[in-house]
Every structure is written in C-alpha cells, then in structure tokens.
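Hydrogens, waters and symmetry mates play no part in the numbers below; they use all other heavy atoms, side chains included.
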Amino acid sequence: MHIAIVGKNYKGLRNYLKSRGYTYTVLRDKIKQDGKHRKNTVYIDFNDLENEIRKIEQLPKIDACMAVYEQYVEPCAVIARALKLPGLPIEAAAACTDKSKMRELFAKAPKKISPAFKKISSENDLIEFAKNSSFPLIIKPTNLAKSLLVTRCDDLEELIGAYNAAKEIAPKIYAKYAPRASLEMIVEEFMEGSIHSIDAYIDKNGKVSLLDDIVDYQTGYDIGFDDNFHYSRVIPSKLSHSIQKEFRDVAVKAVEALGMKSSAAHIEIIVTIEGPRVVEIGARNGGYRERMHELANGIDILGNQLSTILDQPLDITPKKNEPCAVLELFPKTPGIFSGIQNEDLLKGLQSFNYLSIKPKIGDFVGKSSQGYKASAVIVLHSNDSSVFQNDLQFVNDQVCVTTKLV
C-alpha cells in the first residue's frame, strides 16, 4: 500500500508506516521548503492544488491520502476526490476546519447540540451579540487549533480588548501555525460544565464507530489560570453511565450533522446542566490519543485511521482498561522560561512515562490565548489505579512551569 501524507508529518507516523510495510510519499507544503533533502517527499503548492494534482497523479499509484494536522484536512479531501479515493467529502472537510461553518451545520441538528454564536468582523458585531447574551462569552478563531487565541471574556470591555489583541498578534501566529489562512473569528456563549472528548471512525457510508473511552479534561481555568488551554486529559472518565450514554448520542449526531465519511474524528463536548454541547469536531484523531489509547487500552489509533480510509475492518475493542493522563504545562505568569519545578521527582514517579520540554532555558513562554503553545508535555500511566492517582495528584500539586519576569 502506498500512502500519501498530506501537508505535514512527524517521525512517529513515518516509522509506523515503515514498520507495517507501507510505502509513503509526503506531499509537503511548499511554504515549508527549506532546502533540505527529504526522502519520499514532493513539495506541493497548496494554493494551486488544481495544477499540483497533475503532479500528484504522476506519482506511483496512491492507495490512500491521510492528513494528521488540521490545516491540511481540506486539501487532503480535495486530493482524495481527484484521485478517486475514499476520503472526507470536501464540504465536510471545510466544516471541520472552520468553526463558523461547523456551528451552522450543528444548528440544523434535530436538537440543540452546540452554543449560540456569531461570526464577527468588527467591534459592532461583538456589541450586537453581547446585547442578547449573558457574560461570560468566548471569542475564538474559526481556523486555528490548540486553543490558540481562545479567550474567555467577563464583560464587554474584555471582549473588545481580546478581539483587538487577537487582530494585532494574528499575523505572527498564522505565519507560524497556519500560513495559508488568515484571522477569522466567532463569539459564542460560554458553556458552563466539564469538558470531555471522544474519538471516532466514520466509514464510507457515514456509520460512526466511537471508542469506548471518554477522555476527561481540565482547562487552565479549572486549575486557577487565566487561560483556556487544555491542562489535563485523563482516562477512564468519571462521568456516570447515564451521562456517558447521552454524551455518545450527541457525539454521533454532531458527526452526522457535518456529513463526515471515510475519516477519523475527534469530538470535544461540554457537559452542561442542559445536556452535552459540542465544542468542535476535528477530522483527525485527538492530540496524544495514539499514546493514550495504546497505553490504556491496547488500541492502535493510527492503524484504525488507516483502516478507515482504506475501507478495512476496525479493531477498536479495548484489550485492557488502565488509567492514563497527558498534561500540558503552561506558565501561570508569562516570562523567561527557567525550568520545570520538581522535574527530577516527576521522572521518579512509578507512573511516569514521558516528558517533553519545548522551550530552552531563557526562551520567552506565555499563554495559549496569546498564541503560545505548551511549555511541557507529561504522560503518566500505570496498571495500578491508586499509584496512578497519587502520582497524578503530585503532578497537579508540585509540578509547574517556572518563569522569571522580563
């Protein structure tokens, strides 16, 4: 099998394909061309796909196209259709990468499954929405991931300030993380409740297969930060069985509302007092899910993504049920990065599995709402629930990003 990886890839994916006997070609974004020689790579101008598809058609026969980063979901759908391969419908791909289009389709579902919202292009749009809404409100880009520039606002002054701040720093953020896009924003109701997610696979007929495990989140706000990042992702879920059933029903309705087919899906939902409400759906597996579900459940996430786009049977039945957590650390106070508090003790925990520290000592680190990504990522896993819970509590209480003021 020959797999086209569209736009951007990572070493773990390449190694996975090679270890399973697949061949692959990376259709790398021409914007990222840096003069380095890369094996199995063809540079593509994604701003001129109509002509570039002719180049792709000259490659050895491609059996499937896959995108594992948000900004390449729609180009992947376009290429798959041109090559007459199974893939996400282009209209669904557009909705999965534009929160405004996504919300419009959610609004057509049989019952309310997402918050009221408005696409904004001026301060007046914010003022009009706020007149008929209650604070707090959320302002966010329609076309970025990882909570970048997402801000909770408690009054109109904060709302207008966040909008203008986003416009000011957007060119730098988009140049780095979404160079073919530009800032578009929505304002929406703030949904009070706990946030969770579930991953799914949708076959060529639109049948949705959900994983068993729901992932529980904590946000920056939950742990006392003035920032909306996802701090922790933990399985198994603490939601009751009845809420989990309702959660799963809403997840399926949301996927169906977008018309998704031949794709993985990552569905984020807030459980409010009025029921589950969808935050967003990504046409990909969720962040860190390969590691989490392999450790906790023995499920091959990438393998199932390939099975989905190749129209082959899935294998998503858990082989085990063990606790696992992924934590993303941001600084509480932006400043000069000076380290991770209690790093050595963290590495000595029985549940410790992985630590990645992103910045170097002396780099500036900041909030996700200001366009920064996590300073560190921690993974904990154990087959002993009590050990896991004690270690997770230690990280929550004793491990953090330390900074010095500029």
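Between Cys153 and Ile139 the shortest side-chain heavy-atom distance falls below 4.5 Å. Side-chain contact between Glu52 and Ile79 is absent, with no heavy atoms from C-beta onward closer than 4.5 Å. Side chains of Thr25 and His2 form a contact here, defined as non-hydrogen atoms less than 4.5 Å apart. Inter-residue side-chain proximity for Gln305 and Val68 is flagged as met; some heavy-atom pair is nearer than 4.5 Å. Side-chain contact between Phe117 and Glu104 is present, with at least one heavy-atom pair separated by less than 4.5 Å. Here the side chains of Val326 and Arg291 are not in contact, with every heavy-atom distance at 4.5 Å or above. The shortest distance between side-chain heavy atoms of His293 and Ile235 falls below 4.5 Å. Taking the side chain as every heavy atom from C-beta outward, Asn390 and Val387 never approach each other to under 4.5 Å.
Classification of the Tyr10-Tyr69 ring pair by plane angle, with boundaries at 30° and 60°, yields perpendicular. A tilted orientation is assigned to the rings of Phe46 and Tyr72, their planes being inclined by 30° to 60°.
The closest donor-acceptor contact from the side chain of Glu188 to the backbone of Ile138 lies at 3.5 Å or more, if one exists at all. With hydrogens and angles ignored, the 3.5 Å screen pairs a side-chain donor or acceptor of Lys319 with a backbone N or O of Thr317. Panel note: side chain Asn342, backbone Val399; no donor-acceptor pair is recorded below 3.5 Å. Of the possible donor and acceptor atoms, none in the side chain of His381 sits under 3.5 Å from a partner among the backbone N and O of Asn353. Between the Gln218 side chain and the Ser232 main chain, no donor and acceptor come within less than 3.5 Å of each other. Looking only at distances, no side-chain donor or acceptor of Asn9 sits under 3.5 Å from a matching main-chain atom of Arg14. In this structure, Lys101 contributes its side chain and Glu91 its backbone to no donor-acceptor pair below 3.5 Å. Remark: side-chain polar atoms of Lys140 are not paired, donor with acceptor, to backbone N or O of Arg152 under 3.5 angstrom. Listed for the Asn304 side chain is a donor-acceptor partner under 3.5 Å among the backbone atoms of Asp315. Between the Gln244 side chain and the Leu239 main chain, a donor and an acceptor come within less than 3.5 Å of each other.
Here the straight-line distance linking atom CG of Leu126 with atom NZ of Lys118 works out to 9.5 Å at 0.5 Å rounding. If you take CG on Asp213 and CG on Leu211, they are separated by 8.0 Å, rounding to the nearest 0.5 Å. Distance check, rounded to the nearest 0.5 Å: OH of Tyr221 to CD1 of Ile195 gives 12.0 Å. Distance check, rounded to the nearest 0.5 Å: CG of Asp155 to CG of Leu137 gives 10.0 Å. Separating the NE2 atom in His266 from the CG atom in Asn285 is a distance of 9.0 Å, to the nearest 0.5 Å. Interatomic distance, Met292 CE to Cys324 SG, rounded to the nearest 0.5 Å: 4.5 Å.
With respect to the salt-bridge test (charged N to carboxylate O, under 4.0 angstrom), the residues Lys367 and Asp226 qualify.
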Should Glu70 and Lys99 be marked as a salt bridge (Lys or Arg N to Asp or Glu O under 4.0 Å) after you check the CA-CA gap, both sets of side-chain angles, and the distance that decides it? CA-CA 12 Å; Glu70 204 86 25; Lys99 294 178 182 65; over 6 Å; no
Assess whether side chain to side chain donor-acceptor pair (under 3.5 Å) is satisfied between Tyr16 and Asp300, documenting all intermediate values. CA-CA 11 Å; Tyr16 180 92; Asp300 182 350; 2.5 Å; yes
Please lay out, stage by stage, how Ile340 and Val401 fare under the test side chain to side chain contact (heavy atoms under 4.5 Å, CB included). CA-CA 5 Å; Ile340 302 298; Val401 177; 4.0 Å; yes
Worked verdict on Lys131 versus Glu128 for salt bridge (Lys or Arg N to Asp or Glu O under 4.0 Å): CA-CA 5 Å; Lys131 282 180 182 177; Glu128 287 301 313; 3.2 Å; yes
Passes side chain to side chain contact (heavy atoms under 4.5 Å, CB included), Asp212 versus Asn297? Steps please. CA-CA 9 Å; Asp212 279 8; Asn297 309 129; over 6 Å; no
Audit row: Met66, Leu13, side chain to side chain contact (heavy atoms under 4.5 Å, CB included) steps and yes/no: CA-CA 11 Å; Met66 67 185 303; Leu13 173 58; 4.1 Å; yes
Pair Lys245-Asp249, salt bridge (Lys or Arg N to Asp or Glu O under 4.0 Å): steps then yes or no: CA-CA 6 Å; Lys245 182 180 184 303; Asp249 288 344; 3.5 Å; yes
Quick one, Leu183 with Lys167, criterion side chain to side chain contact (heavy atoms under 4.5 Å, CB included). Give me CA distance, side-chain angles, the key distance, then yes/no. CA-CA 7 Å; Leu183 179 66; Lys167 288 198 299 182; 3.9 Å; yes
Would Asp34 and Lys32 count as a salt bridge (Lys or Arg N to Asp or Glu O under 4.0 Å) if you check the C-alpha gap in whole Å, the side-chain angles of each, and the deciding distance to 0.1 Å? CA-CA 6 Å; Asp34 54 11; Lys32 303 291 185 180; over 6 Å; no
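In this structure, Val278 and Pro115 approach most closely via the heavy-atom pair O-CD, 3.6 Å. Nearest approach of Asn228 to Ser147, heavy atoms of both residues: O-OG, 3.5 Å. Taking every heavy atom of both residues into account, Pro334 and Gln370 meet most closely at CG-OE1, 3.8 Å. In terms of heavy-atom proximity, Ser382 sits nearest to Phe388 at CB-CB, 4.1 Å. Residue Leu88 comes nearest to Ser263 through the heavy atom pair CD1-CB, 3.6 Å, listed as atom of the first residue, atom of the second, then distance. Between Met260 and Ile202 the shortest heavy-atom distance is O-CG2, 3.2 Å.
A 6.0 Å sphere centred on CD1 of Ile361 holds more than 12 heavy atoms belonging to other residues, nucleotides or ligands.
Checking Tyr217 against Asp222 by side-chain atom types alone, no donor-acceptor pair falls below 3.5 Å. If you check the side chains of Asp125 and Ser121, you find a donor sitting under 3.5 Å from an acceptor. For Glu123 and Asn164, the side-chain atoms include at least one donor-acceptor pair closer than 3.5 Å. No donor-acceptor contact under 3.5 angstrom links the side chains of Lys207 and Ser209, judged on distance only.
Looking at Glu268, His196, Arg289 one by one, the single match for side-chain contact (heavy atoms from CB on, under 4.5 Å) with Val215 turns out to be Arg289.
Taking the ring centre of Tyr288 as origin, the terminal cationic atom of Arg233 falls outside the region bounded by 6.0 Å and 45° from the ring axis.
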